Amino acid sequence: MSKSVVTRFAPSPTGFLHIGGARTALFNWVFAQKMGGKMLLRIEDTDRERSTDAAVTAILDGMTWLGLTWDGEPISQFARADRHAEIAHELLAQGKAYKCYSTPEELTEMRERARAEGRPPRYDGRWRDRDPSEALAGLKPVIRIKAPQSGEIVVKDHVQGDVVFRAENLDDFIILRSDGTPTYMHAVVVDDHDMGVTHIIRGDDHLTNAARQIVIYQAMGWDVPEMAHIPLIHGSDGAKLSKRHGAIGIEAYRQMGYLPEALRNYLARLGWAHGDDEIFSTDQMVDWFSLEALNKGASRFDFVKLDNLNGHYIRSADPARLYDVMVETASETGRNSDYAGLVANKQTILSAIPELQPRAKTVLELIDLAQFIYAARPLPMDEKAALLLDADAAAHLSKLVDIFEALNDWTVEALDGAVRSYAESVELKLGKIAQPLRAALTGRTISPGIFEVMTLIGREESLGRIRDVVAPNR
RNA sequence: GCGCCCUUCGUCUAGCGGUCAGGACGCCGCCCUCUCACGGCGGUAACACGGGUUCGAUUCCCGUAGGGCGCACCA
């Protein structure tokens with residue numbers, strides 16, 4: 001019986017949860033679910049300059065919205081600094097690490113000279129075997145680990161396969177800074193070990209770091225966790241995502257009207273596949289997932305495809321839930337008049353949503369499509385709608401007002417029948433009558449079925465809107 | 001510069017020596033139809049290049065080109 005799986009998601013709180021981080025979190029979560037294990041959350045906040053509480057909140061909120069749960073309390077890496085230092089000193093005591101008294105200026109010069117001579121910019125190990133007594137008085141040392149000087153380090157990766165690094169390419173890197181704080185490379189290893197992490201799933205920008213981290217694991221005699229370095233996500237133009245290039249926070253996707261299940265499905269298909277399956281539930285994702293099925297190549301983020309998937313999930317969503325999401329989204333994005341209209345017309349909106357669902361790809365579009373319900377008379381006409389309402393159209397609409405007033409039932413069937421027979425009586429195709437009617441009733445040329453619109457807004461409102469365009473001054 | 005990783009339709013991908021190279025999104029056409037969607041049907045489009053290995057390479061190996069990541073007392 002192998003020990004149960006523990007994964008972790010370890011964001012640094014220097015900004016929002018971006019799309020790449022969200023996918024990393026998703027894969028960690030899905031894998032833990034599948035294996036019946038746990039996913040822990042560790043906030044890598046050792047960079048005190050750039051870490052903020054607001055970012056931590058944004059990340060946790062983003063994960064919660066996406067439906068990614070973690071086990072236990074989030075762990076602060078910064079809070080564990082003493083433990084990191086303890087291990088660094090243990091390594092020192094064992095002679096597997098040493099104090100280095102090189103100054104930053106000295107290191108800069110070392111790198112520049114190496115670069116000038118065409119050598120890799122690495123620390124040359126000058127303090128590896130030097131006696132501390134040779135150091136300048138008052139200088140605070142850093143602690144460097146003794147990396148192997150020959151042989152190779154193999155990262156056994158579930159995605160990338162065995163990746164071999166020659167020891168010559170690894171230098172004696174710093175594990176504890178001169179102020180006694182740990183470096184990222186060191187803190188990660190100590191934390192992953194202490195947290196009992198069995199599987200490290202992270203972006204492949206960490207692949208070369210993995211070799212360095214293995215040096216620490218080996219020095220401590222610790223088991224190296226299983227690793228899976230997943231490919232990165234690029235922007236739609238193939239360029240790396242950056243702050244000014246599409247790397248927006250997960251909350252921005254919510255504000256753009258995407259549903260979390262759509263995003264989960266989309267993200268899962270970026271770099272991972274289960275045969276030809278495109279649309280699948282989160283349960284299926286968990287059921288089908290395997291690290292070996294992850295791709296190695298980076299993929300591009302494609303909003304068009306996300307839109308398509310989101311449309312699918314909007315179509316299959318429960319109207320009551322969609323209503324809530326519409327209200328939240330309107331509120332959150334400052335669409336105040338929409339918010340007021342949605343809240344004031346809850347019942348009508350609720351019954352209209354099934355008509356709206358097949359027509360929207362995002363919640364924002366859903367809101368837009370619902371506007372005809374709460375638009376105030378006289379309705380604003382968009383350009384195409386205004387063009388439809390010429391004198392001919394007004395004449396027909398005027399007749400229709402009479403017909404509608406005489407109608408006993410205000411139902412889709414009754415209205416449909418009435419308008420059809422009118423169109424027949426004047427020898428016009430239904431569309432010739434329906435389009436001006438649509439313009440008058442919605443102010444637009446596109447809308448749900450026009451008879452559905454009429455039943456939704458009701459007889460009085462319908463007649464009022466038609467009269468507004470037939471006799472604007474009355 | 002050094003190290004490592006990657007490369008199938010425009011995009012996401014299936015493929016794991018022998019396939020008419022499959023699916024999805026997009027796009028185009030047709031159908032449905034009161035508009036727009038939805039839905040249905042059909043179509044367009046790819047193995048980066050050059051060498052090997054093999055009876056046979058999209059698939060295995062080596063180069064080339066292109067892309068990415070890393071090389072801090074950042075994470």
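Quantities reported herein were computed from a predicted structural model and do not represent experimental measurements. Chain A is the first sequence line, chain B the second, and so forth, proteins listed ahead of strands; every chain is numbered from 1.
Following rounding to the nearest Å, A/Asp179 (CG) and B/C73 (P) show an atom-to-atom distance of 12 Å. The nearest whole Å value for the distance from the CG atom in A/Asp192 to the C1' atom in B/A75 is 13 Å. Here B/U13 presents its P atom at 11 Å from CZ of A/Arg300, a figure rounded to the nearest Å. Summarising the geometry, the separation between CZ on A/Phe303 and C1' on B/C12 is reported as 15 Å, rounded to the nearest angstrom. As a whole-Å value, the separation of A/Phe165 CZ from B/C4 P is 7 Å. When rounded to the nearest whole Å, the span between NZ of A/Lys156 and P of B/C5 equals 15 Å. Atom P of nucleotide B/A72 and atom CG of A/Leu170 are separated by 12 Å, given to the nearest angstrom. When the C1' atom of B/C5 is taken as reference, atom CE of A/Met227 falls 16 Å away, rounded to whole Å.
Qualifying side chain to side chain contact (heavy atoms under 4.5 Å, CB included) partners for A/Leu306, counting only residues two or more places apart in sequence or in other chains: A/Tyr253, A/Tyr258, A/Leu263, A/Tyr266, A/Phe301, A/Phe303. For A/Arg420, the side-chain hydrogen bond (donor to acceptor under 3.5 Å, both in side chains) partners at least two apart in sequence or on another chain are A/Asp416. Every residue meeting the side-chain hydrogen bond (donor to acceptor under 3.5 Å, both in side chains) condition with A/Gln371, not counting sequence neighbours, appears here in chain and number order: A/Asp338, A/Arg444. Take A/Arg111 and apply the side-chain hydrogen bond (donor to acceptor under 3.5 Å, both in side chains) test, not counting sequence neighbours, and it matches no residue. Partners of A/His193 according to the ring-ring contact (aromatic ring centres under 6.0 Å, His included) rule, which considers only residues two or more places apart in sequence or in another chain, are A/Trp222. Take A/Glu109 and apply the side-chain hydrogen bond (donor to acceptor under 3.5 Å, both in side chains) test, not counting sequence neighbours, and it matches A/Arg113. Take A/Phe31 and apply the ring-ring contact (aromatic ring centres under 6.0 Å, His included) test, not counting sequence neighbours, and it matches A/His199. When the ring-ring contact (aromatic ring centres under 6.0 Å, His included) test is applied to A/Trp288, the partners found at least two apart in sequence or on another chain are A/His274, A/Phe280.
When heavy atoms are screened at a 4.0 angstrom cut-off, A/Ser299 is found touching the sugar-phosphate backbone but no base atom. Among the atoms of the strands shown, only primed sugar atoms or phosphate atoms (P, OP1, OP2) are found under 4.0 Å from some heavy atom of A/Arg315. Note on A/Val419: nothing from the nucleic acid sits closer than 4.0 angstrom, heavy atoms only. Among the heavy atoms of the strands lying under 4.0 Å from A/Ser102 is at least one base atom, whether or not backbone atoms are also near. When heavy atoms are screened at a 4.0 angstrom cut-off, A/Thr46 is found touching the sugar-phosphate backbone but no base atom. At a threshold of 4.0 angstrom between heavy atoms, the contacts of A/Gly271 are confined to the sugar-phosphate backbone, with no base atom among them. Using a 4.0 Å heavy-atom cutoff across all strands shown, A/Arg166 reaches no nucleic acid atom at all.
No side-chain N or O of A/Asn310 forms a donor-acceptor pair with one of A/Thr362 less than 3.5 Å apart. Inspection of the A/His84 and A/Asp191 side chains reveals an N or O donor paired with an N or O acceptor under 3.5 Å.
On the P atoms, B/A14 is 30 Å away from B/G3, given to the nearest whole Å. Taking the P atom of each, B/C41 and B/A24 are spaced 10 Å apart, rounded to whole Å.
The shortest distance between the side-chain N/O atoms of A/Ser236 and the OP1/OP2 oxygens of B/U11 is not below 4.0 Å.
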Original post:
For nucleotides 24-35 of chain B, read 5' to 3', which letter fits each nucleotide if B means a protein heavy atom sits under 4.0 Å from the base, S means only the sugar-phosphate is that close, and - means neither?
Top reply: BSS-------BB
Original post:
Along nucleotides 61-71 of chain B, 5' to 3', which nucleotides get a B, which get an S, and which get a -, given that the test is a protein heavy-atom distance under 4.0 Å?
Top reply: -------SSSS
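Base-pair partner of B/C34: not found among the strands shown (Watson-Crick or G-U wobble, both distances under 3.5 Å). Base pairing of B/C71: its partner is B/G1, meeting the Watson-Crick or G-U wobble criterion (both donor-acceptor distances under 3.5 Å). If you check B/U54 for Watson-Crick or wobble pairing at under 3.5 angstrom, you find it has no partner at all. Both distances falling under 3.5 Å, in either a Watson-Crick or a G-U wobble arrangement, place B/G29 opposite B/C41. Base pairing annotation: B/A24 forms a Watson-Crick or G-U wobble pair with B/U11, both donor-acceptor distances under 3.5 Å. Both distances falling under 3.5 Å, in either a Watson-Crick or a G-U wobble arrangement, place B/G66 opposite B/C6.
Pairs of residues two or more places apart, or lying in two chains, that qualify as ring pair (Phe, Tyr, Trp, His ring centres under 6.0 Å) and include a residue from residues 413-453 of chain A are A/His396-A/Tyr422.
Seen from the ring of A/Phe78, A/Arg48 counts as a face-on cation partner, given the 6.0 Å and 45° thresholds.
At a non-hydrogen distance threshold of 4.0 Å, nothing from residues 285-292 of chain A comes into contact with RNA chain B.
Nearest-nucleotide positions on RNA chain B place A/Lys296 closer to the 5' end than the other of A/Lys296 and A/Ala273.
A donor-acceptor pair is defined here as one N or O able to donate and one able to accept, closer than 3.5 Å; such a pair exists between the side chain of A/Ser462 and the backbone of A/Gly458.
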